[in-house]
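Right, one structure below, let's go through it.
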Amino acid sequence: MDPGHAVRSVGRVLGWIGGGLITLLVLGMIAIVVYGNVGVRQAESVPLATVRNDPRIDLVHSDGAWVMTPTDGQAAEGQATDGLVFIPGAKVDPLAYASMLAGLVREGVTVIITKPTLNLAFFDLRRLTAFTALAPWVQRWAVGGHSLGGVRACQLVGGGGVQTLVLFASYCARDISGTDVRVLSVSGSRDGLSTPTKINNARPLLPADAESVVIDGANHASFGAYGDQPGDGTATESSATVQAEIDDAVLRFLTG
């Protein structure tokens with residue numbers, strides 16, 4: 001065989017392989033983009049309108065996040081305030097959590113709701129400081145999230161000096177049991193996704209003094225306002241009651 005012909009043949013084969021790999025990579029990227037943007041659970045209009053129309057809350061979009069600020073003058077006066085960086089669950093509109101977090105804001109807590117890349121927390125590579133910088137008046141920060149957002153929050157806690165973690169119907173996949181992180185886990189007894197069993201099984205990954213609050217009758221979707229979710233349990237408690245229990249547990253933990 002002509003050596004030149006053999007070399008050209010190998011080159012063509014390598015070219016086909018390279019072209020095939022590039023095609024697979026492009027198709028994979030397209031699939032991820034489509035997956036992240038199709039089927040996103042949108043915020044329910046009435047709860048969101050209630051937040052937008054509340055004179056006690058300032059809701060603005062800034063640098064890839066929604067900033068919820070109390071309008072009682074604390075921020076303007078530079079008073080010490082508490083803040084929470086909140087990471088949404090997978091493929092859930094960040095604004096679907098505004099009504100659930102509004103009670104904290106009314107009590108003086110600044111809340112930053114992140115807007116993850118492709119609506120999936122693990123694709124958002126920004127550091128906590130990218131969000132805490134949006135509210136420089138806050139002196140005590142916590143990070144938390146719902147469902148997959150809580151798993152991501154577990155990975156971020158400790159960054160930027162943030163040592164407080166709040167899990168909303170979520171649990172850690174990272175072992176932080178040997179750290180000084182303060183942890184509050186708020187979950188629902190009727191959750192069909194982050195089930196009580198899953199949360200209990202992941203409990204050893206948290207510090208021994210981690211606090212746990214189980215809201216009787218709450219399901220996975222009780223922690224947002226985006227409608228029912230496939231695979232979830234059936235909530236047996238009203239949204240208003242669940243909201244009040246979330247407010248009480250989280251406020252006591254953050255400000256106590």
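Because the structure is predicted, anything quoted here is derived from the model rather than measured.
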Where is the tightest heavy-atom contact between G89 and S147, given as atom of each residue plus distance?
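Answer, listing the atom of G89 first, then S147: CA-CB, 4.3 Å.
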Nearest atoms (heavy-atom pairs only) where L84 meets G144:
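Minimum heavy-atom contact is CD1-N, 3.8 Å.
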Residues Y97, F223; criterion ring pair (Phe, Tyr, Trp, His ring centres under 6.0 Å); working and verdict
CA-CA 7 Å; Y97 297 99; F223 290 83; 9.3 Å; no
Has [X] got a side-chain atom pairing as donor or acceptor with [Y]'s backbone, closer than 3.5 angstrom?
X	Y	value
D93	R41	no
H146	H220	yes
T241	E237	no

Is there a side chain to side chain contact (heavy atoms under 4.5 Å, CB included) between I57 and R106 once you walk through the steps?
CA-CA 7 Å; I57 298 173; R106 295 185 189 106; 4.1 Å; yes
Name all pairs fulfilling the salt bridge (charged side-chain N to carboxylate O under 4.0 Å, His left out) condition that reach into residues 125-142, sequence neighbours left out, sorted by first residue then second.
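For residues 125-142, and leaving out neighbouring residues, the salt bridge (charged side-chain N to carboxylate O under 4.0 Å, His left out) pairs sorted by first residue read D82-R140, D124-R126.
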Any chance CG of N200 has more than 12 other-residue heavy atoms, nucleotides or ligands included, within less than 6.0 Å?
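Enclosed.
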Decide yes or no for P88 and T114: does some side-chain heavy atom of the first lie under 4.5 Å from some side-chain heavy atom of the second?
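Yes, close enough: below the 4.5 Å cut-off.
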Return the set of residues passing side-chain hydrogen bond (donor to acceptor under 3.5 Å, both in side chains) with Q163 (not counting sequence neighbours), or none when no residue passes.
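Once residues adjacent in sequence are excluded, Q163 has no partner under the side-chain hydrogen bond (donor to acceptor under 3.5 Å, both in side chains) criterion.
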How long is the span from the OG atom in S45 to the CZ atom in R52, to the nearest 0.5 Å?
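It comes to 11.0 Å.
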In this structure, would L148 and W66 fall into the same cluster of hydrophobic residues linked by side-chain contacts under 4.5 Å?
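Shared cluster, no.
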